[in-house]
Amino acid sequence: MACQRAPLSLQMLLGVPKQVLVTGASGRTGFLTFTKLRELEKEFYVRGLVRSQKGAKKLETTGASLGDSEKIKEQNAKMRAMGLPADDDEPEVFVGDIMDRDSIQEAFDDLDALVILTSGVPKLRKREIVKTVLSKLIGRQRMPKFYYDQMPEEVDWLGCKCQIDLAKEKGIDHVVLVSSMGVSPQKNTPDNTLNKIGGGNILVWKAKAEDYLKESGLTYTIIHPGGLTNKPGGERELVLGTDDSLLDNYEQLGATRTIPREDVANLVIEVLRHKELVANKSFDVVTKDVGAGAPTKDWESLFKTLP
Ligand SMILES: NC(=O)c1ccc[n+]([C@@H]2O[C@H](COP(=O)([O-])OP(=O)(O)OC[C@H]3O[C@@H](n4cnc5c(N)ncnc54)[C@H](OP(=O)(O)O)[C@@H]3O)[C@@H](O)[C@H]2O)c1
């Protein structure tokens, strides 16, 4: 049985951990975020939403639990009816599809914050890789053809909308949406490479979800990372910007166009910790190279630079 949570200000005074749901928790940034939040158990109770049993197994490697089976819950109920003590093990891992409200709504109960890390995932068939490599060998440039299992219109718009609607319905205090750089009207054009991938117009649908969140009345923070890498986090200086300005001036700022996924996960945690500084803000983020600048540690000062 889910418990009723105290108002957030009271919780902070009492040092009660924030209850956070990470969706897309089996994804590359999602898993890093979920794992790091789990390690901060004094500050956060974290739940992860995944869409498959394979994803659930991945989260279970961190020690997270799917909760008691229906059979154990029934036995516990019988014991309680007899006046004997029996507590159901609360699930930390939820399996559902963000396109199917009923399959995910339980994960949204009694939350302080929601971190949306779901996204349409472009895929490449093996023969496409072979064709592209062969073309390169004979000196021809060829753009490989990607496809989506679920189109960005479904995942990045309708699935995201479904999560925002549930956040509103369930009174979630803070929604953090990890979107992408390139969503500003001047960059989000049909010929943008990200929009052309798999004919998915991914930036168009991400921008639509962002607008919906901004208009929802919920307290939000929208993060637009540059190109994601799998390099280690915590070693670089983060550089923030707005409205895709970084895409034009990252070099002048001594930065790159990219950011490690682990740094995005660290940033999400700091955004959850500094809600008052990032409430209703939308910003872009990349990093400098290792050694060019000092690794970001003073998050408060960084967030205070945001307009
Ligand atoms: N790639 C880049 O360079 C780049 C640049 C800027 C921003 N971004 C954005 O940054 C975010 C994180 O990227 P990432 O590469 O770390 O993510 P990712 O590994 O592609 O993970 C996406 C997650 O979404 C889940 N998902 C997709 N459809 C779903 C559905 N219908 N129901 C439930 N879950 C669903 C996937 O589940 P499964 O695990 O089951 O597949 C996966 O866990 C994304 O929004 C991405 O678009 C990416």
Side-chain angles (χ1 to χ4, degrees), residues 21-36 47-61 93-105 107-108 114-124 146 148-163 166 175-184 187-188 192-195 197-198 200-210 213 222-231 233 241 244 246-247 250 256-268 282-287:
L21 172 67
V22 177
T23 66
S26 55
R28 289 159 290 181
T29 312
F31 187 65
L32 288 167
T33 308
F34 177 81
T35 309
K36 283 174 180 282
R47 292 176 184 167
L49 177 76
V50 296
R51 68 169 154 180
S52 66
Q53 290 302 328
K54 190 177 164 200
K57 285 212 164 68
K58 185 170 175 180
L59 265 57
E60 282 182 298
T61 60
V93 182
F94 292 79
V95 183
D97 190 311
I98 54 163
M99 299 291 298
D100 173 7
R101 186 190 179 287
D102 288 348
S103 73
I104 63 168
Q105 61 101 11
F108 285 69
L114 165 68
V115 178
I116 303 180
L117 265 157
T118 46
S119 180
V121 187
K123 293 188 173 160
L124 207 50
F146 288 86
Y148 289 94
D149 282 337
Q150 271 180 321
M151 292 303 277
E153 179 176 3
E154 297 172 298
V155 183
D156 294 272
W157 164 232
L158 295 172
C160 197
K161 176 179 180 296
C162 181
Q163 297 178 70
L166 275 167
V175 178
V176 181
L177 171 61
V178 179
S179 180
S180 175
M181 243 155 76
V183 290
S184 66
K187 300 290 181 194
N188 193 351
N192 186 308
T193 312
L194 291 174
N195 278 332
I197 289 176
N201 282 321
I202 192 160
L203 295 175
V204 172
W205 300 113
K206 280 187 187 289
K208 199 167 159 73
E210 287 189 23
L213 176 58
I222 300 171
I223 301 172
H224 301 128
L228 298 179
T229 73
N230 293 324
K231 292 177 182 161
D244 283 334
L246 286 173
L247 287 174
Y250 68 95
T256 67
R257 282 176 71 128
T258 62
I259 177 168
R261 287 182 167 88
E262 192 179 346
D263 278 328
V264 176
N266 292 335
L267 175 63
V268 166
S282 169
F283 61 88
D284 312 334
V285 61
V286 292
T287 66

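Because the structure is predicted, anything quoted here is derived from the model rather than measured. Every number for a ligand or one of its atoms is a count from 1 in the order of the listing.
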Looking only at distance, does [X] have an N or O less than 3.5 Å from an N or O of ligand 1?
X    : value
G27  : yes
D156 : no
L228 : yes
S180 : no
K206 : yes

Distance filter under 4.0 Å to [X] heavy atoms, resulting ligand 1 atoms:
X    : answer
G226 : 5 (C), 6 (C)
S179 : 7 (C), 8 (N), 9 (C), 10 (O)
D97  : 30 (C), 31 (N), 32 (N)

- Heavy atoms of other groups near K231 NZ, more than 12 under 6.0 Å: no
- Task: Run the salt-bridge test on E262 and K36 with the 4.0 Å N-O cut-off and return the result as yes or no.
- Result: yes
- Record the part of T118 in heavy-atom contact with ligand 1 below 4.0 Å; permitted values are side chain, backbone, both and neither. both
Among all protein heavy atoms, pick the one closest to [atom] and tell me residue, atom and distance.
atom                    : answer
atom 39 (O) of ligand 1 : S26 OG, 2.8 Å
atom 12 (C) of ligand 1 : T29 OG1, 3.7 Å
atom 27 (C) of ligand 1 : S119 O, 3.3 Å
atom 15 (O) of ligand 1 : R261 NH2, 2.9 Å
atom 32 (N) of ligand 1 : I98 N, 3.1 Å
atom 17 (O) of ligand 1 : R28 N, 4.3 Å
atom 23 (C) of ligand 1 : L117 O, 3.7 Å
atom 33 (C) of ligand 1 : R51 CB, 3.4 Å

With a cutoff of 4.0 Å, is [X] in contact with ligand 1, counting heavy atoms of the residue only?
X    : answer
P225 : yes
G227 : yes
G96  : yes

